[in-house]
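Only heavy atoms go into these numbers, but all of them, side chains included; no hydrogens, no water, no symmetry mates. In this chain, residues are counted from 1 in sequence order.
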Amino acid sequence: MELRTNYQYTYFIHPYAIKDGKYQKYILKMLKDKNCNLKVFQKEKDITLYKYFLPKIREFLFSSFRYGNNKRQKLEELPIETRAALLSKNPCNIFEYSLKKDVQGKIEERNGIFFQIQKVEIICFSTGICFLVIKTNVEECTDFRNILNFNYKFRDMNNEQIDLENYDNIRIQTDSFSSIKTFQEWIHGITGSNLETNRLNIDTERFLTYSYVCVNQEAWDVNNQFEEIKNQFIKYVNILPADNSRDYEYEKITTFSKWKYAKLGLTKLGMMLFSSSADMNNYTILPEEYENQYFYTYLFHLYKKIYLKKIELELKNIATIEKARKKFVEFTKMLWIQEITEEETGTLMSDKLQEVLELDKTYHEVKDKYDVLYKEKNFKKERKTTIIIAIILGISFLLNIINFMILKGES
């Protein structure tokens with residue numbers, strides 16, 4: 001039976017990094033861009049997000065929650081350079097990027113898959129780690145195979161090695177992007193040089209994928225078991241095309257579910273939520289939760305992974321060791337030991353992300369380097385102190401001998 005879909009969207013995420021000392025200048029660049037607007041969160045409007053995150057993480061991700069109307073107005077009245085300086089002190093700033101029109105594309109000329117870019121956000125952390133986030137959805141899509149093919153192809157749209165004129169017959173047909181090449185140029189215009197990004201070993205040519213799909217209940221309900229469509233779920237989670245014939249073991253995929261007709265799959269390349277319209281919640285409430293509180297949960301874990309890599313790299317450089325040590329201690333106190341949420345599903349999701357992204361392993365690798373450097377520093381400090389004490393004692397001994405000789409001579 002052909003698998004049909006009722007609802008779908010996919011976020012494509014491009015991590016990148018700003019060189020140390022250039023972050024404030026980058027924020028100024030965002031403020032000067034007429035297409036960028038600072039996203040301000042408000043408790044009344046974003047109450048679900050506000051209640052989901054615990055205070056310390058909420059303050060870290062969404063500093064603008066503490067902006068009242070007066071503070072926001074005063075901020076906008078300040079000179080743009082002053083605004084950039086103030087915003088650069090926030091742990092995180094989120095900008096909404098406005099395109100000229102909804103971006104439509106077409107995959108294959110005859111049996112086309114039309115898609116829109118519904119939303120673009122630029123999420124910037126004061127450490128210089130940033131994320132370009134592009135929300136897409138396939139228009140009038142009822143064939144699940146189109147979702148598989150679209151996710152599989154679009155995630156490589158920033159790869160410079162693809163055929164810029166005709167990548168699997170993908171054509172972007174809007175005033176904003178006349179071709180894939182202009183799309184890539186637009187990304188480069190936002191992210192800037194890849195030097196710092198490459199230094200952190202971040203893949204700049206493949207998007208991370210965060211996707212939601214709700215399939216027709218005829219495929220999965222009380223009368224039709226998940227086992228019958230499990231192979232489609234495996235392709236979806238692994239971001240494979242519809243005609244993929246490779247055998248992937250379901251047991252090796254990290255999954256979990258707190259819902260009767262929805263299942264989450266996680267890999268290092270993305271996070272995918274597969275649901276059925278057999279539960280009305282799956283096309284009313286869950287899609288919104290998934291692209292808000294659960295999305296920022298995912299992004300927060302990505303941030304931790306990249307920031308730990310950044311600290312690890314700095315611990316290898318003599319010029320940055322001391323700063324890196326302080327950063328690691330602050331990261332441990334402010335973020336690593338903090339709970340994200342008390343919400344049950346979010347807590348379970350956080351645990352799974354910690355596992356899949358190998359955050360504990362990465363953290364302990366950095367901690368081992370930190371411990372070695374800390375012991376070495378203390379050893380050198382103790383050795384230096386011992387030498388100084390020895391010198392002082394030696395000088396004191398010589399002075400005593402001199403004084404004794406003087407006193408003996410006088411007598």
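- Phe154 and Ile117 make their closest contact through CZ-CD1, 4.5 Å (heavy atoms, listed as atom of the first residue, atom of the second, distance).
- Taking the six-membered ring for Trp and thresholds of 30 and 60 degrees, Tyr290 and Tyr212 have ring planes inclined between 30 and 60 degrees apart.
- Ser64 contributes a side-chain N or O that, together with a main-chain N or O of Phe41, makes up a donor-acceptor pair within less than 3.5 Å.
- Heavy atoms of other residues, nucleotides or ligands lying less than 6.0 angstrom from CD of Glu339 number 12 at most.
- Ring planes of Phe183 and Phe207: perpendicular class, angle over 60° (limits at 30 and 60°).
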Inset, instruction - Just do the side-chain hydrogen bond (donor to acceptor under 3.5 Å, both in side chains) check on Asp221 and Asn224 with the steps written out, would you? - result: CA-CA 5 Å; Asp221 61 9; Asn224 299 281; 2.9 Å; yes
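- In summary, of the residues considered (Lys323, Arg325, Lys327), a salt bridge (charged side-chain N to carboxylate O under 4.0 Å, His left out) with Glu314 occurs for Lys327 alone.
- For the residue pair Asn146 and Asn149, no side-chain donor N or O sits within less than 3.5 Å of a side-chain acceptor on the partner.
- Inter-residue side-chain proximity for Gln232 and Leu148 is flagged as met; some heavy-atom pair is nearer than 4.5 Å.
- In this model, a donor atom of one side chain and an acceptor atom of the other lie less than 3.5 Å apart for Ser350 and His301.
- The minimum heavy-atom distance linking Ser88 with Gln24 is given by the pair OG-OE1, 3.8 Å.
- Looking at every heavy atom in both residues, Ile306 comes nearest to Pro15 through CD1-CB, 3.7 Å.
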Inset, instruction - Determine, step by step, whether Asp33 and Tyr97 satisfy the side-chain contact (heavy atoms from CB on, under 4.5 Å) criterion, reporting the C-alpha distance in whole Å, the side-chain angles of both residues, the deciding distance to 0.1 Å, and the verdict. - result: CA-CA 9 Å; Asp33 191 329; Tyr97 191 97; 3.6 Å; yes
Inset, instruction - Might you work through the side-chain contact (heavy atoms from CB on, under 4.5 Å) test for Lys304 and Tyr307, ending with a clear yes or no? - result: CA-CA 5 Å; Lys304 289 194 293 183; Tyr307 188 48; 5.9 Å; no
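- Classification of Lys367 and Asp371 as a salt-bridged pair holds, one side-chain N sitting under 4.0 Å from a carboxylate O.
- Under 3.5 Å, the side chains of Lys305 and Thr362 contain a donor-acceptor pair of N or O atoms.
- Here the closest non-hydrogen pair linking Ser276 and Cys214 is C-SG, 3.7 Å.
- In this structure, the side chain of Asn90 does not engage the main chain of Cys92 through any donor-acceptor pair within 3.5 Å.
- Under 3.5 Å, the side chains of Tyr303 and Thr127 contain a donor-acceptor pair of N or O atoms.
- Looking at Lys309 and Glu312, no side-chain N of the basic residue comes within less than 4.0 Å of a carboxylate O on the acidic one, giving no salt bridge.
- With a 6.0 Å radius and a threshold of 12 heavy atoms from other residues, nucleotides or ligands, Glu96 has its CD atom above the threshold.
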Inset, instruction - Assess whether side-chain contact (heavy atoms from CB on, under 4.5 Å) is satisfied between Val213 and Tyr7, documenting all intermediate values. - result: CA-CA 6 Å; Val213 68; Tyr7 183 76; over 6 Å; no
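- Of the N and O atoms on the side chains of Tyr294 and Glu343, at least one donor lies less than 3.5 Å from an acceptor on the other residue.
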Inset, instruction - Take Lys51 and Glu342 through the test salt bridge (charged side-chain N to carboxylate O under 4.0 Å, His left out) and record every step on the way to the result. - result: CA-CA 9 Å; Lys51 291 167 65 176; Glu342 292 180 341; over 6 Å; no
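- The two residues Val120 and Leu132 make their nearest non-hydrogen contact at CG1-CD1, 3.7 Å.
- Side-chain atoms of Ser277 and Asn6 include a donor-acceptor pair closer than 3.5 Å.
- For NZ of Lys361, the number of neighbouring non-hydrogen atoms (other residues, nucleotides, ligands) closer than 6.0 Å is 12 at most.
- No donor-acceptor pair under 3.5 Å is formed between the side chain of Lys258 and the backbone N or O of Thr345.
- Both cation-pi conditions hold for Lys263 and Phe226: the charged atom is under 6.0 angstrom from the six-membered ring centre and inside a 45 degree cone around its axis.
- The environment of NZ in Lys19 is sparse: at most 12 heavy-atom neighbours from other residues, nucleotides or ligands sit within 6.0 Å.
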Legend entry - Ser211/Tyr236 under side-chain hydrogen bond (donor to acceptor under 3.5 Å, both in side chains): CA gap, chis, key distance, verdict: CA-CA 9 Å; Ser211 188; Tyr236 181 59; 2.8 Å; yes
Inset, instruction - Run the numbers on Asn137 and Gln118 for side-chain hydrogen bond (donor to acceptor under 3.5 Å, both in side chains), then give the verdict. - result: CA-CA 7 Å; Asn137 80 296; Gln118 293 186 322; 3.1 Å; yes
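- A salt bridge does not link Lys326 to Glu322: none of the charged nitrogens lies less than 4.0 Å from a carboxylate oxygen.
- Remark: the Ser275 side chain and the Tyr283 side chain contain no N/O donor-acceptor pair separated by less than 3.5 Å.
- Classified by interplanar angle (parallel below 30°, tilted 30° to 60°, perpendicular above 60°), the ring pair Phe125/Phe131 is perpendicular.
- Residue-environment remark: CD (Glu76) exceeds the threshold of 12 foreign heavy atoms within 6.0 Å.
- Atom NZ of Lys333 is surrounded by 12 or fewer heavy atoms from other residues, nucleotides or ligands within 6.0 Å.
- With Gln8 contributing its side chain and Val138 its backbone, the two residues share a donor-acceptor pair below 3.5 Å.
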Inset, instruction - Show the numbers, then the answer: is there a side-chain contact (heavy atoms from CB on, under 4.5 Å) between Asn282 and Tyr261? - result: CA-CA 8 Å; Asn282 293 344; Tyr261 293 111; 3.8 Å; yes
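- Between the side chain of Thr254 and the main chain of Val356, no donor-acceptor pair closer than 3.5 Å is present.
- A cation-pi arrangement is present between Arg58 and Tyr50, with the terminal nitrogen or guanidinium carbon under 6.0 Å from the aromatic centre and inside a 45° cone about the axis.
- Aromatic ring orientation, Phe115 versus Phe150: tilted (interplanar angle from 30° to 60°).
- Judged by distance alone, with hydrogens and angles left aside, the side-chain atoms of Ser257 form a donor-acceptor pair with the main-chain N or O of Ala262 at under 3.5 Å.
- Side chains of Tyr11 and Lys119: a donor-acceptor N/O pair is present below 3.5 angstrom, by distance only.
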Legend entry - ring-ring contact (aromatic ring centres under 6.0 Å, His included) between Tyr363 and Tyr370, worked out: CA-CA 10 Å; Tyr363 177 82; Tyr370 170 85; 9.6 Å; no
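- Contact between Lys369 and Leu315 at its shortest, heavy atoms only, is CB-CD1, 4.1 Å.
- Here Phe274 and Phe144 bring their ring centres to under 6.0 angstrom of each other.
- Aromatic ring pairs are classed by plane angle as parallel below 30°, tilted from 30° to 60° and perpendicular above 60°; the pair Phe62 and Phe65 is perpendicular.
- No donor-acceptor contact under 3.5 angstrom links the side chains of Asn194 and Arg199, judged on distance only.
- The closest donor-acceptor contact from the side chain of Gln184 to the backbone of Met157 lies under 3.5 Å.
- Asn158 CG to Thr191 OG1: the interatomic distance, rounded to the nearest 0.5 Å, is 7.5 Å.
- For the pair Lys135 and Tyr9, the cation sits on the ring face: its NZ or CZ lies under 6.0 Å from the ring centre, inside 45° of the axis.
- Counting heavy-atom neighbours within 6.0 Å of Glu330 CD, excluding the residue itself, gives a total of 12 or less.
- For the 3.5 Å distance criterion, the side chains of Thr10 and Asn151 qualify, holding a donor opposite an acceptor.
- More than 12 heavy atoms of other residues, nucleotides or ligands shown are found within 6.0 angstrom of CD on Gln42.
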